[in-house]
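What follows is a set of notes on a single structure, which appears directly below.
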2 protein chains.
Amino acid sequence: MAFSPEGLHRESLSQQVADQVVEFIRRSGLSEGDSLPPTRELARLFGVNTGTLREALRQLEATGGLSLRHGSGVYVGPNLDRLVMANPTSVTVSLETAVVLIRARLAIEPRIAALAAVHRSDQDVRLLREALSVASTPPDPVPHKSSKPNFHRVLARASGNQILAEIIDSLLTVHRVEQHTIRVVYSDRKKDFEQHSAIYEAVRDGDPDLSFSLTEEHLADILTVAEGALSAKDHPAGVMASRE
Amino acid sequence: MAFSPEGLHRESLSQQVADQVVEFIRRSGLSEGDSLPPTRELARLFGVNTGTLREALRQLEATGGLSLRHGSGVYVGPNLDRLVMANPTSVTVSLETAVVLIRARLAIEPRIAALAAVHRSDQDVRLLREALSVASTPPDPVPHKSSKPNFHRVLARASGNQILAEIIDSLLTVHRVEQHTIRVVYSDRKKDFEQHSAIYEAVRDGDPDLSFSLTEEHLADILTVAEGALSAKDHPAGVMASRE
DNA sequence: ATCATCCAGTGATCCGATCACTTTTAGAAT
DNA sequence: ATTCTAAAAGTGATCGGATCACTGGATGAT
């Protein structure tokens, strides 16, 4: 019998082509924003039909590895070398999920802040300071690209660990989707700013323990607000005795 | 001039169809493993060409939201409701990245173990015990589906926080890819088992502090091995002359 | 009852044509 | 010479249909 060691088609042709496209990008030394050859040319290059090639491109586009711009071209996306990401498919997130999300952040972000206090570079301190003004993501109706990164993202990046930064970024990306629907969290913007400032100073001064506890308090406060919104939803408006 | 508030095509048709497919799945109450209508029928349903529909399906398949089986049908995948995931595109990971990965786990997993000690259910304890025998992923040449989840995955699930479980799962998924290339890490399987057992007991007994420290030690040991392999690669075969 | 075969259902790929958007180019107006 | 406008070229997006390849169930012989 034998498993037909050669020539066995485990995966679809379009999947194979997708891998070849990635390899092509790597081999060509292309990086984010660079353009690829036209689709018809790529199809010829890989010896497949334009439709098949197109499916491959869509697969890569779905994960942010590529960007297809109608009438313009195919470009390398931002997520090609990324390891952890938010599910691009996920739509709006329920308030319950938002609470779970914040609990997860409460579990891991303090430690990340402590790491940042130890590993942060001078540039990190500078970026962190700039991020203070951006604060928690301003309520943009349209999620415009390349908006300045928010404080927590920069903080995670300062930890010096790319993976941790990607994790926080993923959580905040999901969170952002959430905020478009429910504007509850982050009610007190002034308090937010003060807490961020305190964390900034602790990280700048290289105090891991203080950075840890301040971040913990900050997220605990946010969690309180979110949980309050949640229970307010479950027991609406009310004095109480409300069922539903 | 105005921004033509209506009818403006921000995203491609295939992208819109992808969203419609997700909505269709949700509205139909389908869950993982359930089958969708045939592609031609779906194309008719959404009023697009089969090629366009196919691109939409590929986008969803790329993130594990769907599964297309040649000759069989289209099925709901495992990642439709997931929030955080490993980049499906990423190929092999360098040893340097593996070290970064383990450092990230060292930063967050102890806290997760502590949470598990507090929140674990009786069923979690049972699953955790079973996972002890599977130990750290056996070196499978072929990543077969539905293999029993490894200890760390089950541990994270016992934390009661879905997001944290997804994060750990993502890290281990990336890691698995890594192990296919480099078989260095997890050298001492017996020691691994003993440390897992100790963590299991601490979680079972509801001791968060002990669970924390044991997990921390366990990962620190793994990190040591990985860093050793890394420096051995940089300074091959050497007696010492170790720097750094 | 068992097994090999056939066949209908369904996804995968191909081909070619046409539409839609973007960018560049050429020309006109100033 | 500069600026604006319009045409044209380049490139992705969608369409329509035909054909191939795989799977799973039905068929039928043993």
Side-chain angles (χ1 to χ4, degrees), chain A residues 1-4 6-21 24-25 28 30 33-77 145, chain B residues 1-4 6-21 24-25 28 30 33-77 145:
Chain A
M1 35 177 67
F3 276 126
S4 69
E6 294 297 331
L8 126 113
H9 301 305
R10 309 200 51 77
E11 40 186 24
S12 69
L13 182 55
S14 70
Q15 178 59 58
Q16 297 175 38
V17 171
D19 293 340
Q20 290 182 37
V21 170
F24 173 86
I25 293 173
S28 305
L30 301 179
D34 292 340
S35 71
L36 276 68
T39 56
R40 301 176 231 260
E41 192 174 323
L42 284 174
R44 253 198 315 274
L45 178 59
F46 297 125
V48 298
N49 186 277
T50 58
T52 304
L53 175 89
R54 179 155 268 281
E55 287 184 21
L57 297 183
R58 287 295 190 199
Q59 294 180 54
L60 297 175
E61 188 193 31
T63 60
L66 284 183
S67 175
L68 312 199
R69 301 183 206 162
H70 190 180
S72 177
V74 183
Y75 301 84
V76 179
K145 51 224 162 190
Chain B
M1 32 176 59
F3 276 128
S4 69
E6 294 297 332
L8 124 115
H9 302 305
R10 311 198 52 76
E11 40 187 24
S12 68
L13 182 54
S14 69
Q15 177 61 57
Q16 298 175 38
V17 171
D19 293 341
Q20 290 182 31
V21 170
F24 173 86
I25 293 174
S28 306
L30 301 179
D34 292 340
S35 70
L36 276 68
T39 56
R40 301 177 230 261
E41 192 175 323
L42 284 173
R44 253 198 316 273
L45 178 59
F46 298 125
V48 297
N49 186 279
T50 58
T52 303
L53 175 88
R54 180 154 270 282
E55 287 183 22
L57 297 183
R58 287 295 190 198
Q59 294 180 55
L60 297 175
E61 187 193 32
T63 60
L66 284 184
S67 176
L68 311 197
R69 301 183 206 161
H70 189 179
S72 176
V74 183
Y75 301 84
V76 179
K145 50 222 162 191

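All values reported here derive from a predicted model rather than from experimental measurement. Residue numbers start from 1 in every chain, and the chains themselves are labelled A, B, ... in the order their sequence lines are given, proteins ahead of strands.
- When the side-chain nitrogen and oxygen atoms of B:Thr52 are compared with OP1 and OP2 of D:dA13, none of them lie within a distance under 4.0 Å.
- Residues passing the side chain to side chain contact (heavy atoms under 4.5 Å, CB included) test with A:Thr52 are A:Leu13, A:Ser14, A:Val48, A:Asn49, sequence neighbours excluded.
- The CD-P distance, from B:Glu41 to C:dT10, rounds to 8 Å in whole Å.
- Partners of B:Arg44 by side chain to side chain contact (heavy atoms under 4.5 Å, CB included), not counting sequence neighbours, listed by chain and number: B:Glu41.
- Here the P atom of nucleotide D:dA13 and the CD atom of A:Glu55 are 13 Å apart, to the nearest Å.
- Within the 4.0 angstrom heavy-atom criterion, no nucleotide atom of any strand lies near B:Thr50.
- Checked against salt bridge (charged side-chain N to carboxylate O under 4.0 Å, His left out), B:Arg58 has the following partners two or more places apart in sequence or in another chain: A:Glu55, B:Glu61.
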Quick one: which protein N/O atoms are closer than 3.5 Å to N/O atoms of nucleotides 8-12 of chain D? Pair and distance per line, please.
{"residue": "D:dG10", "atom": "N2", "partner": "A:Gly71", "partner atom": "O", "Å": "2.9"}
{"residue": "D:dG12", "atom": "OP1", "partner": "A:Thr39", "partner atom": "N", "Å": "3.3"}
{"residue": "D:dG12", "atom": "OP2", "partner": "A:Thr39", "partner atom": "N", "Å": "2.8"}
{"residue": "D:dG12", "atom": "OP2", "partner": "A:Thr39", "partner atom": "OG1", "Å": "3.0"}
{"residue": "D:dG12", "atom": "O4'", "partner": "A:Gly71", "partner atom": "N", "Å": "3.3"}
{"residue": "D:dG12", "atom": "N7", "partner": "A:Arg40", "partner atom": "NH2", "Å": "2.7"}
{"residue": "D:dG12", "atom": "O6", "partner": "A:Arg40", "partner atom": "NH2", "Å": "3.2"}
{"residue": "D:dG12", "atom": "N2", "partner": "A:His70", "partner atom": "NE2", "Å": "3.1"}
{"residue": "D:dG12", "atom": "N3", "partner": "A:His70", "partner atom": "NE2", "Å": "3.2"}

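- With sequence neighbours left out, B:Gln15 forms a side chain to side chain donor-acceptor pair (under 3.5 Å) with B:Asp19.
- Rounded to whole Å, the distance from CG on B:Leu42 to P on C:dA12 is 12 Å.
- Atom-to-atom, CG of B:Asn49 to C1' of C:dG16 comes out at 13 Å; the value is rounded to the nearest Å.
- Across the protein-nucleic acid pair, B:Leu53 atom CG and C:dT13 atom C1' stand 15 Å apart, rounded to whole Å.
- If you take CD of B:Glu11 and P of D:dA13, they are 13 Å apart, rounded to a whole angstrom.
- For the residue pair B:Ala56 and B:Val17, the shortest heavy atom distance occurs at CB-CG1, 3.7 Å.
- A:Leu13 has its CG atom 12 Å from the P atom of D:dC22, to the nearest Å.
- With rounding to whole Å, A:Leu57 atom CG is found 13 Å from D:dT14 atom P.
- For residues 65-77 of chain A, every residue pair satisfying the side-chain hydrogen bond (donor to acceptor under 3.5 Å, both in side chains) rule, not counting sequence neighbours, is listed here: A:Ser72-A:Tyr75.
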